[in-house]
Amino acid sequence: MRVALFVTCLVDLMRPRIGFAAIELLEAAGCDVIVPAGQTCCGQPVWNSGDRAAAAALAKKVIDEFVGSEYVVVPSGSCADQIRNEYPVILADEPEWRARAVELAGRVYELTDFLVNVAHIKTLPGNFSGSVTYHDSCTGLRGMGIKEQPRALLAKMSGVELKEMAAAEECCGFGGTFSVKFGEISAAIAAKKCGNACATGAQTIVGGDLGCLLNIEGKLRRLGDETTQVRHIAEVLTAKK
Amino acid sequence: MESRSRHFKANAAASLANPVLQTNLKTAKGKFVDKRAIAIKEIDDFEGSREAAKNIRNRVLENLDLWLEKFEESATARGATVLWAKDGEEICRHVAEIGQRHGVQKAAKSKSMLSEEANLNLALTAAGIRPIETDLGEYILQINDNEPPSHIIAPVVHKSLDEVADLFHQVHKTPRKTEIPALTREAREVLREHFLTADMGISGGNFLVAETGSVALVTNEGNGRMVTTLPRVHVVITGIEKVVPTLEDLTLLLRLLPRSATGQSISNYVSVLTGVKTPEERDGPEHLYFILVDNGRADVVGTEFQDMLRCIRCGACMNHCPVYQTIGGHAYGWVYPGPMGSVLTPLYTGLENAIDLPQAATLCNQCGVVCPVMIPLPELLRRLREKQVEKHLRPWFERFALKIWAKVAASPSLYALGSWLGVRYLKWLAGGRDRIAVLSAAPEWTLGRDFPAPEGKTFRELYRKGKK
Ligand code: SF4
């Protein structure tokens, strides 16, 4: 299977290791992975901020860049959702582009969903051990149906003990630009998420969207929690003891 | 009601700093969310019912004028008078005139959000009519110096039992009681006399039924029945969008409303009131008026926001909203809080008067998945953001930042340069630590949390160099 990786701008800037972990996982699942060089951002921040023209320009750029790849895989539920579910809406008034958006939508996947349901990965490259709790990021969950996939992958790791938190499906308060427009509200919501996650006693909080993870980690540290780790699912699945 | 939505941020900060409110919000959330989750399981095909409810509401909205005419015809045939109000002022004028015509001195009110939109109590008082709120929550607010409600179905959800106990003790001048049954008994005793002496009852309406000219009321306290049957005159004030075609349509909506609202299979009282008292009947009003209100609704019909008019005012969206759960209803500044309020307030009071509300959502879509009539609330909020951008209503620095990001992200070479610089700057800011405590480029982020430091190089650099 030929897979083009959409790295996402946040991973590019903040946590390149998640991108490399995604490549490692895809290769372990038997895929040939390419990373189109010109890629930047999927446009979700501008789209959710109400700038349709800018969102359309970025959508077209992504559509062009990922022409011809058998699959496009994204280590983020919300960026994958932007491409799969929002691009056709953004380009609704331009029939040709819309058709191309719909075509792309048919082959774009969130990473864990792809590993489980398309690539049917058998063995994971990592052997992480420890207790984890999984935060379901909103757009991945409600937009892309990401719920069982990461759990199925974690279940393949004998050293992982999954301790579900209360209200795992509730928002962590990140909300993209919301987090920098309404910082206090956003951080107050994050505090609840941290409380629920830490109440499980898990050593590591795991999720599939870096934005949420930065939000949770930032809140934990501000609250004085220096021990709970926060990791992207790809990092956990590739972690070596 | 005068909008304080412009001050959303300050309002929200006050809510965050109020520990009593925070505790009360937490208690309320637990109740609403858990009870709804259990109640919707009683319906075999809940999703199918939502779909059907959506279709009923859409069918009405597509020909709203016709359904309203039909309602008017049916209601008039049963002896009611249908009046139309363009805005809050017209509501007040109609009610004052009706009051004058029938020599009304006291009006007993059950819950009506429209009367909040119109600030009706103030107008009634000015017209020499004494308004008495009889919904327990609304009554508490009224005797607390006309405090505004903070939730559409649980108006005093922001208050604790202790606060209500203090209030009753002060206002009723009775010994302080702390048991809920004792407090409700006390309210009942005060209200009973008003029910018996009011000349006019004012209610809202959950639904209007076009085929019969009826109004359906869903309540839990029984005050609605007193208000609509004891006084000589009954005035129903409700929005023009509340009409449904048939009684059968009503039954479906009644299956969804209480389950979504309070997690009840059915509310304690469901009344379907039709026409005035006939000579053979002993109960009911001699005069029945419907005031059907526009107040911004007609302008929404036929627009990209029409879906919002499907709303059946259940409150599920706010009960499930992480922002509402954190700041409560007052912060939103007008009659309707939470996600539905963040759509309605700018639509009804002006985009420029509620500039923060469409932005004050994480777009987590918890509201969208619980809404019984499938209103795509996050999508509507996003469209409002689009309108704000079109009308240049966003602050300059935000517009500037967005433009820069759009430019940079559109150009791989600019992006490569910008990201190269950006991550190094952030890494430098972190000064060897794994976090940044104050981020001047995005100061709001670090108000209440740290900003984790980047690794220090971008993925694209590392990937190109072939290093892992
Ligand atoms: S928008 Fe939907 S969930 Fe919110 S109050 Fe209206 S009907 Fe209920």
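These figures come from a predicted structure and were not determined experimentally. Throughout, a chain's letter reflects where its sequence line sits, starting with A, and its residues are numbered from 1.
Ranked by heavy-atom pairs under 4.5 Å with chain A, the list Ala13(B), Ala406(B), Ala410(B) is led by Ala410(B).
One finds the NZ atom of Lys219(A) at 15.0 Å from the NZ atom of Lys193(A) (value rounded to the nearest 0.5 Å). For the atom pair Tyr415(B) OH and Cys9(A) SG, the distance stands at 5.0 Å (nearest 0.5 Å).
Residue Arg460(B) touches chain A through both its backbone and its side chain, counting heavy-atom pairs closer than 4.5 Å. For Ala12(B), the part lying under 4.5 angstrom from a heavy atom of chain A is the side chain only. In this structure, no portion of Gln388(B) lies under 4.5 Å from any heavy atom of chain A. Residue Lys60(A) does not touch chain B at all, counting heavy-atom pairs closer than 4.5 Å. Heavy atoms closer than 4.5 Å to chain A are found in both the backbone and the side chain of Gln325(B). Using a 4.5 Å cut-off between heavy atoms, Leu214(A) contacts chain B through both its backbone and its side chain. For chain A, the nearby part of Val369(B) is the side chain; its heavy atoms alone come within less than 4.5 Å. Contacts between Trp445(B) and chain A at a heavy-atom distance below 4.5 Å involve backbone atoms as well as side-chain atoms. Contact annotation for Ala361(B): only backbone heavy atoms (N, CA, C, O) come within less than 4.5 Å of a heavy atom of chain A. In this structure, the portions of Thr446(B) lying under 4.5 Å from any heavy atom of chain A include both its backbone and its side chain. For Glu184(A), the parts sitting under 4.5 Å from any heavy atom of chain B are the backbone and the side chain alike.
No hydrogens or angles considered: nothing links the side chains of Asn319(B) and Arg36(B) as a donor-acceptor pair under 3.5 Å. Arg142(A) and Gln366(B) share a donor-acceptor pair across their side chains, judged by distance under 3.5 Å alone. For the residue pair Ser78(A) / Asp209(A), a side-chain donor-acceptor distance below 3.5 Å is found, with atom types taken as modelled. Of the N and O atoms on the side chains of Asn48(A) and Arg382(B), not one donor lies less than 3.5 Å from an acceptor on the other residue. Judged by distance alone, the side chains of Arg17(A) and Thr238(A) never bring a donor and an acceptor atom under 3.5 Å apart.
Ring orientation note: the planes of Trp396(B) and Phe400(B) are tilted relative to one another, at an angle of 30° to 60°.
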